[in-house]
Amino acid sequence: MSIFLVLAKFIFVMTLGYYFISAFQWFNYKIKRVIFHYTKPMWHIYFIILPLFLIAIFDNFIYQISITILYLIATIFWAYKLDKRVVITARVKRFFAFLIVGFGLFIFCPYSGNWLFHTIFSLIFAILFSTLSEKIVAIWYKNQAISKLKSMPNLKIILVTASFGKTSIKNFIYDIANGELKTHKTPRSVNTLLGIIRDINDNLSSDVELYIVEAGARLSGDIDEIAKFINPQIVIIGQIGGAHLEYFGSLDRVRAAKLEALNSNRLKTCIAHSSTNLKDKAIIYDELVSGVRSTLDGVWFDMSLDGVKRHFSANLLGEFNSYNLAAAILACKAAGVKDINLDSIKSVEHRLQRIDANGKVIIDDSFNGNLNGMLASYKLVSEFKGRKIILTPGIIEGGSGVNIELSKAIDDVFDILVITSALNENELTKYIKKAKIVRLFDKSKMGEFLSSNTMSGDLILFSNDAPSFV
């Protein structure tokens, strides 16, 4: 076999592997999600089906070399345009190692001259053996994390879950408690069992007194697994809503998934939103809040704490943050924090974060992807007297019809609607009568657009965000 043909096959297989591992990483290595919930299905045609079809029907050496070169160039260009490329983790490295081994083994097969068989064998080999190796690695890391937690018997653990707002609540607990207790929280939006295990092994120091864990779910049983693993003494179950309806199918199933957080054998305190229907089994935090006032300068509210009404304020945007703060206050009290105040509360990055620049008011709410939160942000900015511009892809995970509701609210408040993804374009524009519509699907041009089309005195709201693969 020609060395050039082997090299071409190798490049083709590695390129196809890059596309596969990108898709797997984006969708948390769940093959069902990559197949049935992939938001850019045409990419599968362009980067899997079409290339495989071409190498199957063209067996001429020149054609095969040409197909490889074109496929490589197309994939490089595709990856260059992505705003979220594959992160080269240890798992990704192991995948490519198995892909190389599979490619090498097939060279000795009697059918090694068949390019299609060679490619498919290499890919299946890599997927099967990398999946097996990850299970072995996961068991080892999980046992290591269990041993670490057992060595910290006095560690208090707070588990936070919700359809939306859980990251904010987690961060607020940290801000309140950290001045009095040695506190650690799961980083960024890490909320899966594997991510939590990694955080325990790599970042949780032995002198930590309070550990705040965020728990998310895409399937029933995800939160149950986390709750039984860390066995928190304090659980917060925030507002239940329509986020992730495409995975659970109904609000009742979403609620049931979140209530799995109660499956801890050390549970002492449950703090819950009224939407959980846990009225007689938990402290219902939103019912303790009253007198909420929210402006572009901050939020003020009253809260009943131990039967005494206390007044709180924070330099945060959004009425809903008063309820998130209430949940955090109750959790800190349950954890033994004595001095409850909001002096150290910081705005959560990308969640109604206000930035003033060149006379413009920029509200970064790009991590807010639920209907209630987005509508609340529109109500908040409606008081602004100048021109208002919104950049949004709409709601990615929320069920049918939610983007039509957004469309109505956007037209009532904003002067310019900039749609940043084609995914929800039809619904977002359905009720736009007054606002100017701009389509800006290439994120690399966003800075240029804002520089040329906004001016001092404008308010710019980044409402949700969607990576380019959706």
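- Ser274 and Lys279 share no side-chain donor-acceptor pair at under 3.5 Å.
- The environment of Arg198 atom CZ is sparse: at most 12 non-hydrogen atoms of other residues, nucleotides or ligands sit within 6.0 angstrom.
- Both tests do not hold together for Lys388 against Phe414: distance to the six-membered ring centre under 6.0 Å, angle to the ring axis within 45°.
- The aromatic rings of His44 and Tyr19 sit perpendicular to each other, their planes meeting at more than 60°, with 30° as the lower class boundary.
- In this structure, a donor-acceptor pair under 3.5 Å is present between the side chains of Lys185 and Asn171.
- Looking at Arg354 and Asp364, no side-chain N of the basic residue comes within less than 4.0 Å of a carboxylate O on the acidic one, giving no salt bridge.
- For the atom pair NZ of Lys360 and CD1 of Ile389, the computed distance is 8.5 Å after rounding to the nearest 0.5 Å.
- Ring pair Trp78/Phe47 is tilted by interplanar angle, where 30° to 60° counts as tilted.
- For the residue pair Ser250 / Asp252, no side-chain donor-acceptor distance below 3.5 Å is found, with atom types taken as modelled.
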Could you walk me through whether Lys93 and Ile88 pass side chain to side chain contact (heavy atoms under 4.5 Å, CB included), step by step?
-> CA-CA 7 Å; Lys93 292 176 182 176; Ile88 307 300; 3.8 Å; yes
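- One side chain, Tyr378 or Ser463, offers a donor N or O that lies under 3.5 Å from an acceptor on the other.
- The minimum heavy-atom distance linking Val402 with Leu371 is given by the pair O-CD1, 3.9 Å.
- In this structure, the separation between CG on Asn324 and CZ on Arg351 is 10.0 Å, given to the nearest 0.5 Å.
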Ring pair (Phe, Tyr, Trp, His ring centres under 6.0 Å) between Tyr323 and His273, worked out | CA-CA 9 Å; Tyr323 301 102; His273 190 272; 7.2 Å; no
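- Ion pairing of Glu134 with Arg94 is present here, as a side-chain N (NZ or NE/NH1/NH2) and a carboxylate O approach within less than 4.0 Å.
- Results of the ring pair (Phe, Tyr, Trp, His ring centres under 6.0 Å) test with Phe312 over Trp300, Phe172, Phe301 single out Phe301 as the only residue that passes.
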Given the rule in the salt bridge (charged side-chain N to carboxylate O under 4.0 Å, His left out) test, do Arg293 and Glu319 qualify, once you have shown the distances and angles that lead to the verdict?
-> CA-CA 7 Å; Arg293 186 166 68 91; Glu319 180 179 330; over 6 Å; no
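- Taking 4.0 Å as the cut-off between side-chain N and carboxylate O, Lys182 and Glu209 do not count as a salt-bridged pair.
- Atom CG of Asn358 has 12 or fewer heavy atoms from other residues, nucleotides or ligands within 6.0 Å.
- Side-chain N/O atoms of Asn341 and Asp339 include a donor and acceptor closer than 3.5 Å.
- A salt bridge does not link Asp415 to Arg387: none of the charged side-chain nitrogens sits closer than 4.0 Å to a carboxylate oxygen.
- Partner of Ile416 under the side chain to side chain contact (heavy atoms under 4.5 Å, CB included) criterion, chosen from Asp458, Val438, Ile460: Val438.
- In this model, no donor atom of one side chain and acceptor atom of the other lie less than 3.5 Å apart for His350 and Asn368.
- Between Ser407 and Glu427, the side chains place no donor N or O within less than 3.5 Å of an acceptor N or O (distance only, hydrogens not considered).
- With values rounded to the nearest 0.5 angstrom, His184 atom NE2 is found 11.0 Å from Ile157 atom CD1.
- Under a 4.0 Å N-O distance rule, the pair Lys443/Asp83 qualifies as a salt bridge.
- In this structure, Tyr211 OH and Ile158 CD1 are separated by 12.5 Å, a value rounded to the nearest 0.5 Å.
- Separation of atoms CD1 (Ile212) and CD1 (Ile169) is listed at 11.5 Å; rounding is to 0.5 Å.
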